[in-house]
There are 2 protein chains.
Amino acid sequence: MRGMLTFQILWELRTGPLNGQQIAEQIAKRRGTKPTPGTIYPALKDLEDRGSVKSEKEGRQRVYNLTEAGKAGYIEAARYFNQVFGDIAEDAKIIVLKTDDCSKC
Amino acid sequence: MRGMLTFQILWELRTGPLNGQQIAEQIAKRRGTKPTPGTIYPALKDLEDRGSVKSEKEGRQRVYNLTEAGKAGYIEAARYFNQVFGDIAEDAKIIVLKTDDCSKC
DNA sequence: TTAAATATATCGGACATCCAATATTATATG
DNA sequence: CATATAATATTGGATGTCCGATATATTTAA
């Protein structure tokens, strides 16, 4: 699906400003592997070019924040995600619950 | 995200055999636009080459079914999806509920 | 002061998605 | 029988993802 990385970045930024490496670490927590700089920085640059995030350089770190447009875009993407994946996500959750139960037997 | 289209195809096939156009229509129901032949048939061919689905030609239709490997692969992909997107999906659902409530005010 | 570590930034290449356009095959309709 | 429709199949191009490698900038450690 297109746009899933940027959607995840917007999701991470919804709670407050983060720098590039922090975003990568948050994504790593969920997906198990840390995205490399070659993944994170072009995506952040693209989001900034499109006006969804704004960054401020603080020393060697660049801190990223959602803009108003970014918040609106995140909500729109969340609605679309729910529309496309809502049922799929429910099934996935059930599968995990069933599989975990079985693995405890 | 990589692999999301094939994950959706496996999800549609989990309930029984479908042909290419039926799969496209099921995906269209959720995402609002119907994938074109250029999207569906290469993806189905790849899934068959990898042993996740098996097809049988019936007249001008080719009917696709999950294989045992496909079922296992679907469960694995569902677990990964839940791991990466479980929290995101919950938030997306909350956003939809809140936005729908507001649009009714 | 210098070296190491951290953070950022870029680029080329590979993979997956997505489509438009085109072609082929098989069935339905006139 | 000829035409239209439906389904499949393929290809090239564009977009997004993802990475490894490399380079630059800044802070920290030796």
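First the proteins, then the strands, lettered A, B, ... as listed; each starts at 1. These numbers come from the heavy atoms of this one structure, side chains and all, not from hydrogens, waters or symmetry mates. Since the model is a prediction, treat every value here as computed from it, not as a measurement.
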message = Let me spell it out: for each of A:G59 and A:T6, pick the nucleotide of DNA chain D with the closest heavy atom. Which residue's pick is nearer the 5' end?
response = A:T6
task = Would you mind reading off the distance between B:L18 atom CG and D:dA7 atom P, rounded to a whole angstrom?
result = 13 Å
task = Determine the contact category for A:P35: base if any of its heavy atoms lies under 4.0 Å from a base atom, sugar-phosphate if only primed atoms, P, OP1 or OP2 are that close, otherwise nothing.
result = sugar-phosphate
inquiry  = Without decimals, in angstroms, what is the distance between A:R31 CZ and D:dT17 P?
reply    = 11 Å
task = By nearest nucleotide on DNA chain D, pick out whichever of A:R2 and A:E58 is the more 5' one.
result = A:R2
Earlier contact from the 5' end, DNA chain C, for B:P37 and B:D46 = B:D46
task = Figure out the CD1/C1' separation between A:I40 and D:dT17, and round it to whole Å.
result = 11 Å
message = Please determine whether a side-chain nitrogen or oxygen atom of B:T36 lies at a distance below 4.0 Å from atom OP1 or OP2 of C:dC18.
response = no
ask   = Within this structure, what is the CG-to-P distance between B:L47 and D:dA9, rounded to whole angstrom?
value = 13 Å
query = Just checking B:G38: base, sugar-phosphate only, or nothing, at a heavy-atom cut-off of under 4.0 Å?
reply = base
query = For residues B:R31 and B:Q8, is any side-chain donor paired with an opposing acceptor at under 3.5 Å?
reply = no
task = Check whether any side-chain heavy atom of B:I95 lies under 4.5 Å from a side-chain heavy atom of A:N82, and answer yes or no.
result = no
inquiry  = Once hydrogens and angles are ignored, does a donor-acceptor distance under 3.5 Å link the base of D:dT8 to the side chain of B:R62?
reply    = no
Residues B:K45, B:E48: salt bridge by 4.0 Å N-O rule = no
note = Separation between CD (B:E12) and CD1 (B:I23), nearest 0.5 Å, reads 8.0 Å
query = Rounded to whole angstrom units, what separation is found between the CD atom of A:Q21 and the C1' atom of C:dA9?
reply = 12 Å
ask   = With a 6.0 Å cut-off on ring centres, are B:F7 and B:F81 close enough?
value = yes
remark   = Rounded to whole Å, NZ of B:K34 lies from C1' of C:dT17 at a distance of 18 Å
Distance in angstrom units between A:Y41 OH and D:dA23 P, rounded = 18 Å
query = What about A:R60: does its side chain form a donor-acceptor pair under 3.5 Å with the base of D:dT27?
reply = yes
task = Give A:Q61 one of three labels, base, sugar-phosphate or nothing, depending on what nucleic acid heavy atoms sit under 4.0 Å from its own.
result = sugar-phosphate
query = Given atom CD1 of A:I23 and atom P of C:dT8, what is their separation to the nearest angstrom?
reply = 8 Å
ask   = Checking all strands, does A:Y64 fall into the base, sugar-phosphate, or nothing category for heavy-atom contacts under 4.0 angstrom?
value = sugar-phosphate
